[in-house]
Number of protein chains: 2
Amino acid sequence: MAKTKATIYNVAMRANVSLATVSRTLNNPEKVKKETRDKVLKVIEDLGYKPNAFARGLASRKSTSVAVMVPDMTRSSIAEMVNGIAIEARKYNYSLIIYVLKDEYHEESEMLKEVVASQADGILYMNDEINEQQYQMLNRIKDDYDVPIVLANTLYPFENKLTTVSIDYHKAGYGITKELIEEGRKNIYMLTTARKYMVNDLKESGYLKAINEAGLEPHIFRTSGDISVNTIHFDELFHDVGKKIDGVIAVRDSIAVSFINSMIAKGRKIPKDISVFGFQNTKYASLSRPKLSCIDIPITEIGVRAMALLKEEIDNGTSKTKYIELPYSIIHRDSTKK
Amino acid sequence: MAKTKATIYNVAMRANVSLATVSRTLNNPEKVKKETRDKVLKVIEDLGYKPNAFARGLASRKSTSVAVMVPDMTRSSIAEMVNGIAIEARKYNYSLIIYVLKDEYHEESEMLKEVVASQADGILYMNDEINEQQYQMLNRIKDDYDVPIVLANTLYPFENKLTTVSIDYHKAGYGITKELIEEGRKNIYMLTTARKYMVNDLKESGYLKAINEAGLEPHIFRTSGDISVNTIHFDELFHDVGKKIDGVIAVRDSIAVSFINSMIAKGRKIPKDISVFGFQNTKYASLSRPKLSCIDIPITEIGVRAMALLKEEIDNGTSKTKYIELPYSIIHRDSTKK
DNA sequence: CTGAAAGCGCTTACAG
DNA sequence: CTGAAAGCGCTTACAG
């Protein structure tokens with residue numbers, strides 16, 4: 001039964017070469033004579049030999065693995081980024097170790113120590129709620145242990161010490177708000193999360209800028225991402241000012257769709273009475289009736305680029321680029337007039 | 001800057017004990033006198049020492065990591081299972097190495113070799129498309145390398161050599177079909193994927209059983225998970241027999257919602273004209289108008305239980321249970337009459 | 001309860 | 001281009 005795994009020693013024996021030569025044909029093939037190399041490769045193939053990742057990691061001080069730290073796998077944006085990361089990591093034969101962040105700061109800091117102990121070659125960190133404390137902790141880890149860190153879709157606008165791949169959420173928020181203004185909307189509401197997310201703050205600041213420029217009154221409405229909860233909030237909102245609202249920017253597609261459902265239940269027409277924009281371009285947007293107009297965020301691409309940048313930092317100790325801003329686009333469907 | 005990580009040697013020095021004692025206070029604290037232990041623990045704390053995972057893995061032949069093999073991170077059921085796995089893994093301080101499966105059989109087999117080389121203590125495999133070839137390969141890996149494997153939400157009904165955690169999809173398909181029959185529906189369609197998924201085949205067989213028992217005519221309609229594609233299919237379907245369909249079982253919520261949107265566009269009423277059931281109870285179900293009735297699958301729980309079972313097999317070499325069937329429930333919302 | 005020592009399976013200067 | 005040997009940082013019998 002339990003076949004004992006072939007070791008480098010077995011390969012060396014069978015191929016009549018030293019351990020060093022086997023190691024070289026795997027890691028620096030150009031340093032081995034073609035003839036020898038082929039002989040060794042053949043034995044490796046025959047034995048189904050794969051180097052033990054621990055021994056290799058211990059000896060070389062490289063792990064060919066990166067730590068992927070995420071707040072919550074179940075959010076589709078996170079899952080899609082991880083997918084992008086996986087696509088790119090595969091090219092380099094890197095493995096991905098997933099760490100699901102806990103709310104508690106202390107736990108996160110423990111987790112980071114684990115990451116360091118795991119000898120990850122680099123860290124991919126995604127957390128759209130990132131706060132001062134967390135940002136500084138990452139900074140410290142990076143400096144203390146000299147491990148490259150790349151933030152993916154994670155913006156901390158007050159400092160820029162950490163390499164980042166994202167989109168300009170402020171500009172995106174500004175852009176769609178302007179579109180609504182140009183449509184002639186006067187009472188444009190921003191539907192955002194009660195909980196503070198950095199990324200949502202940026203969308204909000206873009207919204208506010210456009211609203212102020214147009215001399216309109218800003219309306220920030222904070223609600224929950226939980227549909228059963230925000231439905232109640234939207235009913236209350238409608239009760240208070242429902243007839244006046246004529247435009248909406250929601251920080252997530254799912255919140256936009258939930259809002260649409262609530263308003264249609266009250267007899268309002270979308271987009272005739274209210275134009276609605278979402279953010280992300282998830283499947284929710286295409287399954288909504290009417291289909292949702294929204295900002296399309298190249299989320300998989302963010303993952304791909306973040307991994308590529310991390311790889312660059314791992315290999316060179318640094319990277320030319322410290323900030324990659326990816327373009328977004330505005331998808332016009334049926335919940336807005338344009 | 002770059003703080004050199006403390007090693008077990010540094011700890012031993014500072015605490016005036018041997019390496020073995022440091023190792024023991026971490027791994028077998030009961031074998032160390034309390035006094036000594038406390039002294040060592042203090043130094044560990046002071047130095048921020050974390051054992052190097054590679055050295056530990058190499059020496060102990062245990063990795064405290066498991067390989068998580070998934071077909072595609074972006075499917076919400078997969079992401080939620082991984083979340084469940086992460087929750088449970090955290091209890092044991094296990095890390096998770098993610099492998100995103102490729103379509104190509106050869107690549108999957110290479111990946112499995114990598115998994116073995118990575119010294120993972122066990123493998124969590126989820127793939128609702130699993131075929132004979134893949135199943136046998138897993139079997140071989142398990143036998144050859146003596147590594148525990150647990151299938152999560154992955155059914156291969158023709159054999160049961162591999163430990164599995166899932167729900168009874170056949171029964172679920174049967175149950176909701178019966179409900180539609182009891183509602184008085186006569187032309188019940190099953191909307192399933194063109195591509196063969198094991199799990200969908202089981203839903204289908206349950207559907208067929210109920211239909212046959214009732215002496216009705218079965219209608220299996222194969223389409224795509226892609227909304228823009230299935231919308232076209234549904235339009236064609238409506239053109240052919242649209243007026244007759246009075247009940248629908250879809251293998252995924254998103255397919256059900258897309259179908260509802262298509263039918264409403266043609267002027268049909270849900271659930272008055274057509275009752276619709278989905279599968280999974282995703283957010284799509286709550287964001288649909290009308291809200292979707294569906295089978296609720298305890299997907300996070302499947303992840304949790306699969307990880308727990310794997311841990312049991314890792315620790316004991318085997319587990320008492322070879323198959324855990326979790327209960328599902330039927331959620332009645334507004335797309336069916338009950 | 002504690003320590004000395006071998007060994008896990010690799011990589012990498014160093015020598016030749 | 002190739003090999004002998006040290007060393008990576010742990011764990012684990014074995015002795016005491």
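Below, chains carry the letters A, B, ... as their sequence lines are ordered, and counting in each starts from 1. Every value quoted in this text rests on a predicted model; they were computed, and no experiment measured them. Computation of the quantities below employed the complete heavy-atom set of this structure, encompassing side-chain atoms and omitting hydrogens, waters and symmetry-equivalent molecules.
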Taking NZ, NE, NH1 and NH2 as the nitrogens, is one of them in Lys50(B) or Glu110(A) under 4.0 Å from a carboxylate oxygen of the other?
yes
Please determine if a side-chain N or O atom of Thr21(A) lies less than 4.0 Å away from the OP1 or OP2 oxygen of dG3(D).
yes
Separation of dC10(D) P from Lys50(B) NZ (nearest whole Å)
13 Å
Please report the distance, rounded to the nearest Å, between CG in Leu58(A) and P in dC10(C).
12 Å
DNA chain D: Ala20(A) or Glu30(A), which has the more 5' nearest nucleotide?
Glu30(A)
I want to verify a distance call: between dC10(D), dA4(D), dC10(C), whose nearest atom is closest to the Ser18(A) side chain?
dA4(D)
Interatomic distance, Tyr9(A) OH vs dT11(C) C1' [rounded to whole Å]
18 Å
Classify Lys31(B) by what it touches in the nucleic acid, base, sugar-phosphate, or nothing, heavy-atom distance under 4.0 Å.
base
Looking at Glu313(A) and Lys322(A), is any side-chain nitrogen of the basic one under 4.0 Å from a carboxylate oxygen of the acidic one?
yes
Establish, from distance only, whether the side-chain atoms of Glu159(B) and Gln136(B) form a donor-acceptor pair under 3.5 Å.
yes
Counting only heavy atoms from other residues, nucleotides and ligands, does the tally under 6.0 Å from NZ of Lys42(B) exceed 12?
no
Can a side chain N or O of Ser60(B) be found less than 4.0 Å away from OP1 or OP2 on dT11(D)?
no
Under 4.0 angstrom, heavy atoms only, what part of the nucleic acid is Val22(A) near: base, sugar-phosphate, or nothing?
nothing
It should be established whether Tyr49(A) places a side-chain nitrogen or oxygen under 4.0 Å from OP1 or OP2 of nucleotide dC10(C).
yes
Taking only N and O in the side chain of Arg56(A), is any of them less than 4.0 Å away from OP1 or OP2 of dT11(C)?
yes
Of the options dT2(D), dC8(D), dC1(C), whose atoms approach the side-chain atoms of Lys33(A) most closely?
dT2(D)
Nearest-Å distance, CG (Leu47(A)) to C1' (dG9(C))?
15 Å
For Lys62(B) and dT12(D), what is the distance between atoms NZ and C1' respectively, to the nearest whole Å?
11 Å
Against the side chain of Ala55(B), the closest entry in dC10(D), dG3(D), dC10(C) is dC10(D)
With rounding to whole Å, what would you report as the distance between dA6(D) and dT2(D) at their P atoms?
23 Å
Side-chain N or O of Thr36(A) versus OP1/OP2 of dT2(D): is the shortest distance under 4.0 Å?
yes
Distance test, side-chain N/O of Arg61(B) to OP1/OP2 of dT12(D), below 4.0 Å
no
Under 4.0 Å from OP1 or OP2 of dC10(D): is there any side-chain N or O of Asn52(B) that close?
no
Checking the side chain of Ser63(B) only, and the main-chain atoms of Gln119(B) only, is there a donor and an acceptor separated by less than 3.5 Å?
yes
Using a heavy-atom cut-off of 4.0 Å across all strands, would you classify Thr7(A) as base, sugar-phosphate, or nothing?
sugar-phosphate
When pairs are called at under 3.5 Å and a stem needs at least three consecutive Watson-Crick or G-U pairs, the stems of DNA chain C are C:1-3 with D:14-16, C:5-12 with D:5-12, C:14-16 with D:1-3
Of Asn16(B) and Asn27(A), the one whose closest nucleotide on DNA chain C sits nearer the 5' end is Asn16(B)
Compare every heavy atom of Leu310(A) with every heavy atom of Pro148(A), then report the nearest pair and how far apart it is.
O-CD1, 3.6 Å
Taking CZ from Phe54(A) and C1' from dT11(D), how many angstroms apart are they, rounded to a whole number?
13 Å
Between Asn83(B) and Thr300(B), does any side-chain donor sit less than 3.5 Å from a side-chain acceptor?
no
Between Leu155(A) and Thr164(A), what is the shortest heavy-atom contact and its length?
CD1-CG2, 3.7 Å
Tell me whether Asp121(B) contacts the main-chain N or O of Thr64(B) through its side chain, where contact means a donor paired with an acceptor under 3.5 Å.
yes
Nearest to side-chain heavy atoms of Ile8(B), which nucleotide of dC10(D), dT2(C), dC10(C):
dC10(D)
Could you check how far CZ of Arg24(A) sits from C1' of dC10(C), rounded to whole Å?
13 Å
